[in-house]
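Residue numbers start from 1 in every chain, and the chains themselves are labelled A, B, ... in the order their sequence lines are given, proteins ahead of strands.
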Amino acid sequence: MRPECRRRLLAWFDKSQRELPWRQTRDPYRVWVSEIMCQQTQVATVIPYYLRWMERFPTLPDLARASEEEVLLQWQGLGYYRRGRMLRTGAQQIHQQGWPASALEWRSVAGVGPYTAAAIASICLGEPVAVVDGNVERVYARFMGDSTPGESLQRPAAAWAQAWIDPSRPGDWNQALMELGALICRPQQPQCSQCPLASECRAKTEGRIDQLPVPKTRRPTVELRLLTLVPVFGAELGVELISEGSWWKGLYQFPTAKSRPVAIQGPTLALLPRVRHQVTHHKLAFESELIQMAHRDSSLFWFPSDQACPWPLPVPQQKILAAARDFLNSHSPTR
DNA sequence: AAGGCGGGGAC
DNA sequence: GTCCCAGCCTT
């Protein structure tokens with residue numbers, strides 16, 4: 001890459017960058033939260049969560065003092081719930097020890113890996129450390145015409161990005177590469193005609209744009225069926241804590257036939273519509289029965305069916321809850 | 001080095 | 001349907 005290229009990329013970034021809620025600040029708390037939320041999650045998905053989060057936890061102490069359940073409730077629907085838990089743990093660390101003063105120190109904060117440490121340090125501290133995310137790997141592979149397969153791109157991409165980082169604007173350089181990957185050098189249908197680097201892009205000049213980067217290997221999809229029981233007592237529904245060793249452990253779910261083989265018995269009110277959901281390489285199909293309970297089983301957590309569940313539910317459970325409400329509303333005696 | 005971990009945007 | 005997203009942690 002020539003210095004001229006670097007200048008063009010930064011000029012493009014100055015002109016074309018999106019206005020994002022965390023771009024108006026160098027407050028490490030806000031930048032940190034945004035970086036954690038953005039892990040493996042598209043920016044458009046993050047924005048509403050980020051805005052709600054900042055209303056509920058405006059400052060680091062607010063987060064450090066919050067309960068894990070309250071944090072998970074805010075995180076509900078974002079996925080990768082360990083991120084939320086570790087954000088809280090990290091807030092407690094920083095609340096005690098003070099703010100990290102370098103990328104290296106950021107690495108010791110819970111949930112902060114090489115990418116996040118470099119992102120925060122470059123943006124908030126002006127430290128010249130390059131980030132490598134999926135965008136940077138893709139831009140690198142195409143720009144340099146590197147056909148290293150996806151799993152192994154990180155190392156060469158890191159060396160390249162670090163060699164060309166602008167020491168006077170490290171945060172902008174990092175964000176410019178990622179923004180280019182998100183807006184122009186997209187996985188499918190890259191907009192090469194608008195790319196500030198097109199003239200020196202090897203994939204472009206060699207006509208290999210649609211062959212780079214070489215994709216990662218994928219695991220075959222596994223399909224699973226699960227039977228869920230939705231306990232009803234009066235106007236309330238019961239959920240249970242998801243145990244260790246299951247997906248979404250620590251969140252809540254309607255009991256499954258497997259987790260509660262005998263405790264839940266009673267007449268079936270309805271078979272609810274099947275809920276489909278995808279988890280990594282698994283396809284899940286939830287089949288749910290609404291069960292009339294004879295008593296308010298104290299081993300379950302009960303809440304009014306017409307109110308929001310006060311405990312964090314993973315998305316498929318939210319869909320089951322919606323289906324149960326639909327049924328109860330259309331069959332309520334007052335209707 | 002490989003696997004686990006969510007959910008959804010965009011085509 | 002497909003691919004993959006501002007990754008990290010554990011084994």
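Within 4.0 Å (heavy atoms only), A/Met37 reaches no atom of the nucleic acid at all. Among the protein residues, A/Arg85 comes within range of no part of the nucleic acid, since none of its heavy atoms lies under 4.0 Å from any strand. A/Glu151 comes within 4.0 angstrom of nothing in the nucleic acid, heavy atoms only. No contact: A/Trp32 has no heavy atom under 4.0 Å from any strand. Residue A/Leu78 is in base contact, counting any heavy-atom pair closer than 4.0 Å across all strands shown.
Between the P atom of B/dG6 and the NZ atom of A/Lys319 lies a distance of 15 Å, rounded to the nearest Å.
Side-chain N/O atoms of A/Ser102 and A/Glu127 include no donor and acceptor closer than 3.5 Å.
Distance check, rounded to the nearest 0.5 Å: CD of A/Gln253 to CG of A/Leu226 gives 9.0 Å.
Contact of A/Thr41 with B/dG8 (side chain to base): no donor-acceptor pair of N or O atoms is detected under 3.5 Å. Looking at A/Arg83, its side chain has no donor and acceptor atom pair within 3.5 Å of the base of B/dC5.
For the OP1/OP2 pair of B/dG7 and a distance below 4.0 Å, the side-chain nitrogens and oxygens of A/His277 include at least one atom meeting the criterion. For the OP1/OP2 pair of C/dC3 and a distance below 4.0 Å, the side-chain nitrogens and oxygens of A/Arg186 include no atom meeting the criterion.
As rounded to the nearest Å, B/dG6 and C/dT11 have P atoms that lie 16 Å from one another.
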